[in-house]
Amino acid sequence: MSIVKGIHYLRKLNAANVPSALIEKGQSRVIDASLTLIRERAKLKGELLRALGGVKASASLLGVPLGHNSSFLQGPAFAPPRIREAIWCGSTNSSTEEGKELNDPRVLTDVGDVPIQEIRDCGVDDDRLMNIISESVKLVMEEHPLRPLVLGGDHSISFPVVRAVSEKLGGPVDILHLDAHPDIYDCFEGNKYSHASSFARIMEGGYARRLLQVGIRSITKEGREQGKRFGVEQYEMRTFSRDRQILENLKLGEGVKGVYISLDVDCLDPAFAPGVSHIEPGGLSFRDVLNILHNLQADVVAADVVEFNPQRDTVDGMTAMVAAKLVRELTAKISK
């Protein structure tokens with residue numbers, strides 16, 4: 001049964017006077033089972049790393065295959081397995097550019113996916129779904145030394161992920177956000193959880209002290225006004241040549257709980273990453289992004305890679321490999 005059919009079927013059940021308590025009880029069982037699997041996988045990986053010893057932080061993949069909050073195409077829901085496949089496909093070795101080995105569990109682990117579509121198929125609304133995503137992230141963070149590296153999904157997932165990271169650490173973080181768009185509309189097309197509104201929710205909640213947005217080249221009047229309202233540091237591509245020196249020498253996180261990196265694949269020029277929903281020419285080169293990441297001085301406590309759309313990728317999976325390399329280099333930044 002498709003997600004839409006499942007939700008419509010539940011509405012018919014409600015209309016047929018099926019007790020709401022019966023439906024809610026079933027939904028709760030599915031949610032509990034979903035969280036249990038993530039909890040136990042994270043616990044196993046955490047126990048392994050603590051037994052190995054000598055690990056301060058290890059990146060742990062958590063997939064959030066959510067696409068329905070996209071304003072255009074919903075293909076990012078299919079991205080997490082494609083990214084994993086590209087990471088381990090064998091076309092390249094397992095070393096990051098700075099020499100960390102991805103096949104070492106002290107560097108990278110994987111706790112699986114939040115079963116977004118299965119949960120939505122039970123009629124769970126977005127308020128509860130965002131809470132489930134947040135709870136999943138917290139379950140990973142409870143198992144020292146795991147740090148969540150989240151695979152989206154559309155950009156709406158950044159709100160519940162950042163919220164969880166901030167709440168778990170007990171204070172705001174600094175955010176480095178690479179994107180063609182600021183995603184800071186108040187309530188895009190009437191959806192407060194739209195992928196175009198995620199950073200408005202983050203800033204409203206007080207989950208970030210500083211928000212730096214890099215790669216911006218599609219921004220409206222509202223985007224600029226919202227940026228000023230929240231004190232966002234917006235670096236547009238039209239001034240990138242002037243800003244490059246600053247962006248390739250960032251030092252973030254002092255006085256807060258750490259740094260969160262949110263990497264929308266469409267921050268890259270479509271020549272490097274055509275497999276995105278919103279193709280926006282004039283973007284960053286892949287090396288521009290790596291220079292920013294490699295030179296960043298920060299304690300990276302969590303990160304996400306979002307908005308890769310496999311349905312728009314090239315036949316040979318070029319953008320999947322690009323997203324995979326971004327994950328690899330973020331892994332190197334997180335692990336220690």
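Count residues from 1 along the sequence. Because the structure is a prediction, the values reported are computed rather than measured. In what follows, every heavy atom counts, from backbone to side chain, and hydrogens, waters and symmetry copies are set aside.
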On a heavy-atom basis, the closest approach of K333 and L296 is NZ-O, 2.7 Å

Spell out, yes or no, whether V232 and L252 are grouped together once hydrophobic residues are joined by side-chain heavy atoms under 4.5 Å, including indirect joins.
-> no

Is a donor on one side and an acceptor on the other found under 3.5 Å between the side chain of D154 and the backbone of E307?
-> no

Should the pair K43-E142 be classified as a salt bridge under the 4.0 Å nitrogen-to-oxygen rule?
-> no

Any chain of hydrophobic side-chain contacts (each under 4.5 Å) joining I246 to L178?
-> yes

Is the shortest heavy-atom distance from the side chain of L211 to the side chain of F199 under 4.5 Å?
-> yes

Once you round to the nearest 0.5 Å, how far does CD of E24 lie from CD1 of I31?
-> 10.0 Å

Among R41, R50, K45, salt bridge (Lys or Arg N to Asp or Glu O under 4.0 Å) partner for E143 = R50

Spell out, as yes or no, whether a donor-acceptor pair under 3.5 Å connects the side chain of R217 to the backbone of G215.
-> yes

For atom NZ of K257, decide whether the heavy atoms of other residues, nucleotides or ligands shown that lie under 6.0 angstrom number more than 12.
-> no

What is the distance from atom CZ of F240 to atom CG of L247, rounded to the nearest 0.5 Å?
-> 6.0 Å

Indicate yes or no for a side-chain donor-acceptor contact from S70 to the backbone of G67 under 3.5 Å, with no hydrogens or angles considered.
-> no

Given the rule in the side-chain hydrogen bond (donor to acceptor under 3.5 Å, both in side chains) test, do S194 and N191 qualify, once you have shown the distances and angles that lead to the verdict?
-> CA-CA 5 Å; S194 169; N191 179 8; 4.9 Å; no

Less than 4.0 Å between a side-chain N and a carboxylate O, is that true for K251 and D174?
-> no

In terms of heavy-atom contacts, R328 and S95 come closest through NH2-O, 2.9 Å

Note: G153 and A79 closest approach over all heavy atoms is N-CB, 4.2 Å

Tell me whether the centres of the aromatic rings in H155 and H278 are closer together than 6.0 Å.
-> no

What heavy-atom pair brings C267 and V289 nearest, and what distance separates the two atoms?
-> SG-CG2, 4.0 Å

For the residue pair S198 and D183, confirm or rule out a side-chain donor-acceptor distance under 3.5 Å.
-> no

M321 and C89 have their tightest heavy-atom pair at SD-SG, 3.9 Å

Less than 4.5 Å apart, any side-chain heavy atom of S262 and any of Q213?
-> no

Spacing of OG belonging to S285 relative to CG belonging to L268, to within rounding of 0.5 Å | 8.0 Å

Is there a donor in the side chain of N131 and an acceptor in the side chain of R163, or the other way round, less than 3.5 Å apart?
-> yes

L66 and I133: CA distance, side-chain angles, deciding distance, side chain to side chain contact (heavy atoms under 4.5 Å, CB included) verdict | CA-CA 10 Å; L66 184 155; I133 295 169; 4.0 Å; yes

Going by heavy atoms in the side chains, are Y260 and D304 under 4.5 Å from each other?
-> yes

Determine, stepwise, if the pair R106 / E101 fulfils salt bridge (charged side-chain N to carboxylate O under 4.0 Å, His left out).
-> CA-CA 9 Å; R106 293 170 295 184; E101 292 291 335; over 6 Å; no

Student check: side-chain heavy atoms of R229 and I184 closer than 4.5 Å = no

Are R82 and E85 close enough, and set up right, to give a salt bridge (charged side-chain N to carboxylate O under 4.0 Å, His left out), and what steps lead you there?
-> CA-CA 5 Å; R82 299 286 79 80; E85 180 183 21; 3.1 Å; yes

Going hydrophobic residue to hydrophobic residue with side-chain gaps under 4.5 angstrom, can you get from V276 over to V150?
-> no

I38 side, atom CD1; S60 side, atom OG - distance, nearest 0.5 Å | 10.5 Å

At what distance, to the nearest 0.5 angstrom, does CD of E189 lie from CG of N69?
-> 11.0 Å

Can you hop from L151 to F308 via hydrophobic side chains spaced under 4.5 Å?
-> yes

If you measure from the Lys or Arg side-chain nitrogens to the Asp or Glu carboxylate oxygens, is any gap between R201 and E204 under 4.0 Å?
-> yes

Find out if a path of hydrophobic residues (ILVMFWY) with successive side-chain heavy-atom gaps under 4.5 Å connects I87 to I334.
-> yes

Is there a side-chain contact between K192 and S197 (heavy atoms, below 4.5 Å)?
-> no

So do E280 and D266 actually touch side chain to side chain, heavy atoms under 4.5 Å?
-> no

Chi angles and distances behind the side chain to side chain contact (heavy atoms under 4.5 Å, CB included) call for V124, I132 | CA-CA 10 Å; V124 173; I132 293 163; 4.3 Å; yes

Apply side chain to side chain contact (heavy atoms under 4.5 Å, CB included) to Y193 and D127, showing your working.
-> CA-CA 9 Å; Y193 294 127; D127 288 331; 2.7 Å; yes

Check the pair M141, L169 against side chain to side chain contact (heavy atoms under 4.5 Å, CB included), reporting the backbone distance first and the verdict last.
-> CA-CA 9 Å; M141 295 179 71; L169 295 177; 3.9 Å; yes

Mark yes or no for whether E222, through its side chain, and D186, through its backbone, hold a donor-acceptor pair below 3.5 Å.
-> yes

Taking the side chain as C-beta and beyond, is there a heavy-atom pair between E97 and L293 under 4.5 Å?
-> no

Taking side chain as C-beta onward, heavy atoms only, is V173 less than 4.5 Å from R209?
-> no

So, does S166 use its side chain to make a donor-acceptor pair with the main chain of G171 at under 3.5 Å?
-> yes

Decide, yes or no, whether a salt bridge links K336 with D299 under the criterion of side-chain N to carboxylate O below 4.0 Å.
-> yes

With T319 as reference, evaluate N309, T314, D313 under the side-chain hydrogen bond (donor to acceptor under 3.5 Å, both in side chains) test and give the passing residue.
-> D313

S58 versus P105, closest heavy-atom pair with distance | OG-O, 3.2 Å

CE-CZ distance between M203 and F159, expressed to the nearest 0.5 angstrom = 13.0 Å

Report the residues that fulfil side-chain contact (heavy atoms from CB on, under 4.5 Å) with N291, sequence neighbours left out, ordered by chain and then residue number.
-> E248, R287, N295

